[in-house]
Peer 1: 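Pasting in a structure now, in structure tokens, and then I'll have a few things to ask.
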Amino acid sequence: MKQGRITKVSGPLVMAEGLEDAKMFDVVRVGQQRLIGEIIELRRGIASIQVYEETAGLSPGDPVDGTGAPLSVELAPGIMEGIFDGIQRPLNLIRESVGAFITKGVEVPALDTEKKWDFIPTAKVGDAVTGGDILGVVKETILVEHRIMVPHGIEGKIIKLNPGPATILDAIAEIQTGDGVKKVPMLQKWPVRKIRPYKEKLPPVQAMTTGQRVIDMFFPVAKGGVACIPGPFGSGKTVVQHQLAKWAEADIVVYIGCGERGNEMTDVLMEFPELIDPKSGEPLMKRTVLIANTSNMPVAAREASIYTGVTIAEYFRDMGYNVALMADSTSRWAEALREMSGRLEEMPGEEGYPAYLTSRLAEFYERAGRVSCTGGGHREGTVTAVGAVSPPGGDLSEPVTQGTLRVVKVFWALDASLAYSRHFPAIHWLTSYSLYLDTLEDWLKDNVDREWGSLRAEGMKLLQIEAELQEIVRLVGIDALSTSDRLVLEVTKSIREDFLHQNAFHEVDTYASLKKQFEMLKAILTYYHEAEKAMEAGASFRDVENHPVREKISRMKYLKEDEMDKIEAVKDEVKKAMESLVSEGGGLSA
């Protein structure tokens, strides 16, 4: 390609001329230090370039070299356990080569091209294959079998397979196509802004369990679904996403730290290697990819980090895996869009964000989903996308939150007042919602209990009644309530404190299976029903309220999964306790 020249430098935006044969979203190398940039606008022979590194020192007249290729990610064995920046530069290798700080213009291969992987063919010579078909597997980590696929655009018959050790650049297969013989290495490259193809998008009908009671019981997300977590500073967005990354029922986790503080990513880097995967007993990092594009890195690279992460997620989805994608946070990504839009002198939308903000958000979230993968046979994969949103001051009416709500189906609203009262996760049960409830109800009934839907509905109804009763209490005091209403307040207090409240740092309470969640809520509602009967039969509210069996209800969350019989036994103890109040002639205080 022709070499261009810089005509203007404005922060991360560089104008250049002389790139007549360049195309939109082509990658270019800017200046003597060959900084990485991407063309985001072409107008009258002038290319506007978004530079993903610090531009201090660039000046008009400096060279700009086109690469002729769009911004792409490298996809091959070696991605898993990787820690990359927003444009897929491996941070551990950069540290080894230039130190703790990223040097401008540093060029390090995204994946190790010298390491040899043991390729085990699963296809056979003579098989007819097309893009997406699996040629063989590589045991990338103890938890992940990396499935080597035929690159999209190649179709023909396998004429040779090369099992055994090979680098990602070595040809592991040769395919006879209509255009001749194609040598296929393990390495694929894919443009980050282009959606990877699939046969068909399927409806999400299976819950992605997270082990978080307020999510799984009241506001579940489907595998292949989309969710957002908006909330003000300090309300626990990052902790919730960490919990989802640790415990969500997914084969692969892609975590994007997009513009958040460096210490938050440090927590992830320190915790994940020590966390044990509950299914396998191996470190969670063995099935995790981290994109660390923190707040002290160039603002422009935040946009690329989102696309880099979702492309990697789609790649593992195409292998037939269930992938959980965490983006923390899309507000920082939107800020990068706002800055670049302002420097391009585009007509601003609300609060200075570009007019196309909502469509960009929709483009990102629509890349999630449950799909029938390309290739022969039937293979399903999912990408479940969860994006945190950081509205200034917790104002949910701001453009990023509203644009996100138009496209996502699960809304986990974090509430500052809950966070300040030390109620975590601070997901407010009256402002959150899930539009997957109807589609997931049959799956939950079949896999947990037939009463799941009715139990959830009753729990939500009581929480809504509590909000109305609290208004009365604030106005005229609790003495104005009947004993039945005061019982509702006691039961909902138990739902809030003993069920919805969950300690992310407690070794047992950090995770609860669907069965345990169901039995816990069932025990609390059993107490409600039995207490109502006891009071109707003459028991006093004070004895019902202060009965020692409530202590056992509050301790259920600390019982381990293999102690399910003890949780189930609490229901029987509640019934016996309330019956004893009646048989004693109106209660303990009678």
Peer 1: Salt bridge or not between D509 and R213? Use side-chain N to carboxylate O under 4.0 Å.
Peer 2: yes
Peer 1: Report the residue from S331, C228, P392 that forms a side-chain contact (heavy atoms from CB on, under 4.5 Å) with V400.
Peer 2: S331
Peer 1: Does L42 have any side chain to side chain contact (heavy atoms under 4.5 Å, CB included) partners at least two apart in sequence or in another chain, and if so, which?
Peer 2: M24, I39, A47
Peer 1: About how many Å separate CD1 of I36 and NZ of K104, when rounded to the nearest 0.5 Å?
Peer 2: 13.5 Å
Peer 1: Centre-to-centre under 6.0 Å for W190 and H152, is that the case here?
Peer 2: yes
Peer 1: E398 and T401: side-chain hydrogen bond (donor to acceptor under 3.5 Å, both in side chains), yes or no, with the steps?
Peer 2: CA-CA 6 Å; E398 59 89 40; T401 307; 2.5 Å; yes
Peer 1: I'd like to check L405 versus L396 (side-chain heavy atoms, cut-off strictly below 4.5 Å). Are they in contact?
Peer 2: no
Peer 1: If the test is side-chain contact (heavy atoms from CB on, under 4.5 Å), which one of H501, Q502, E497 qualifies with H423?
Peer 2: H501
Peer 1: Could you tell me whether the side chains of D318 and Y198 share a donor-acceptor contact shorter than 3.5 Å?
Peer 2: no
Peer 1: Just jot down the ring pair (Phe, Tyr, Trp, His ring centres under 6.0 Å) partners of F424, sequence neighbours excluded, or say none.
Peer 2: none
Peer 1: In a check of side-chain contact (heavy atoms from CB on, under 4.5 Å) between F84 and each of L290, V289, T308, which one passes?
Peer 2: V289
Peer 1: Please determine whether a side-chain nitrogen of the Lys or Arg among R89 and E53 lies less than 4.0 Å from a carboxylate oxygen of the Asp or Glu.
Peer 2: yes
Peer 1: Strictly below 4.0 Å, N to O, side chains only: are R496 and E466 in salt-bridge contact?
Peer 2: yes
Peer 1: Find the distance between CD1 (I83) and CG (L91) and round it off to the nearest 0.5 Å.
Peer 2: 7.0 Å
Peer 1: Kindly say whether A504 contributes a backbone atom to a donor-acceptor pair with the side chain of T510 at under 3.5 angstrom?
Peer 2: yes
Peer 1: In terms of heavy-atom contacts, does NZ of K493 have more than 12 from other residues, nucleotides or ligands at under 6.0 Å?
Peer 2: no
Peer 1: Taking the basic N atoms (NZ, or NE/NH1/NH2) and the acidic carboxylate oxygens, is any pair closer than 4.0 Å for E345 and R343?
Peer 2: no
Peer 1: Will you find, in the side chains of E249 and T209, an N or O donor that is under 3.5 Å from an N or O acceptor?
Peer 2: yes
Peer 1: Side chains of R196 and T374: is there a donor and an acceptor less than 3.5 Å apart?
Peer 2: no
Peer 1: Taking the six-membered ring for Trp, are Y321 and H146 closer than 6.0 Å centroid to centroid?
Peer 2: no
Peer 1: Please list all pairs passing the salt bridge (Lys or Arg N to Asp or Glu O under 4.0 Å) test where one or both residues lie in residues 280-299, with sequence neighbours left out.
Peer 2: E81-K286, D277-R287
Peer 1: Would you say K199 has more than 12 foreign heavy atoms packed within less than 6.0 Å of its NZ?
Peer 2: yes
Peer 1: Assess whether a salt bridge exists between R360 and E303, defined as any Lys/Arg side-chain N lying under 4.0 Å from an Asp/Glu carboxylate O.
Peer 2: yes
Peer 1: Should the ring pair F218 and F499 be called parallel, tilted or perpendicular, given that the plane angle runs from 0 to 90° and is split at 30 and 60?
Peer 2: perpendicular
Peer 1: Step by step, would you call E346 with Y356 a side-chain hydrogen bond (donor to acceptor under 3.5 Å, both in side chains)?
Peer 2: CA-CA 11 Å; E346 295 173 337; Y356 48 77; 2.9 Å; yes
Peer 1: Tell me, yes or no, whether the heavy-atom count around I142 atom CD1, taken from other residues, nucleotides or ligands under 6.0 Å, exceeds 12.
Peer 2: no
Peer 1: Whether the side chain of R34 engages the backbone of E107 through a donor-acceptor N/O pair (distance < 3.5 Å, no angle test) should be reported.
Peer 2: no
Peer 1: In sequence, state the C-alpha distance, the side-chain angles, and the governing distance for R370 and T384, and then conclude on side-chain hydrogen bond (donor to acceptor under 3.5 Å, both in side chains).
Peer 2: CA-CA 8 Å; R370 170 177 167 240; T384 307; over 6 Å; no
Peer 1: Quick check against the 3.5 Å criterion: does Q243 have a side-chain atom that pairs as donor or acceptor with the backbone of G211?
Peer 2: no
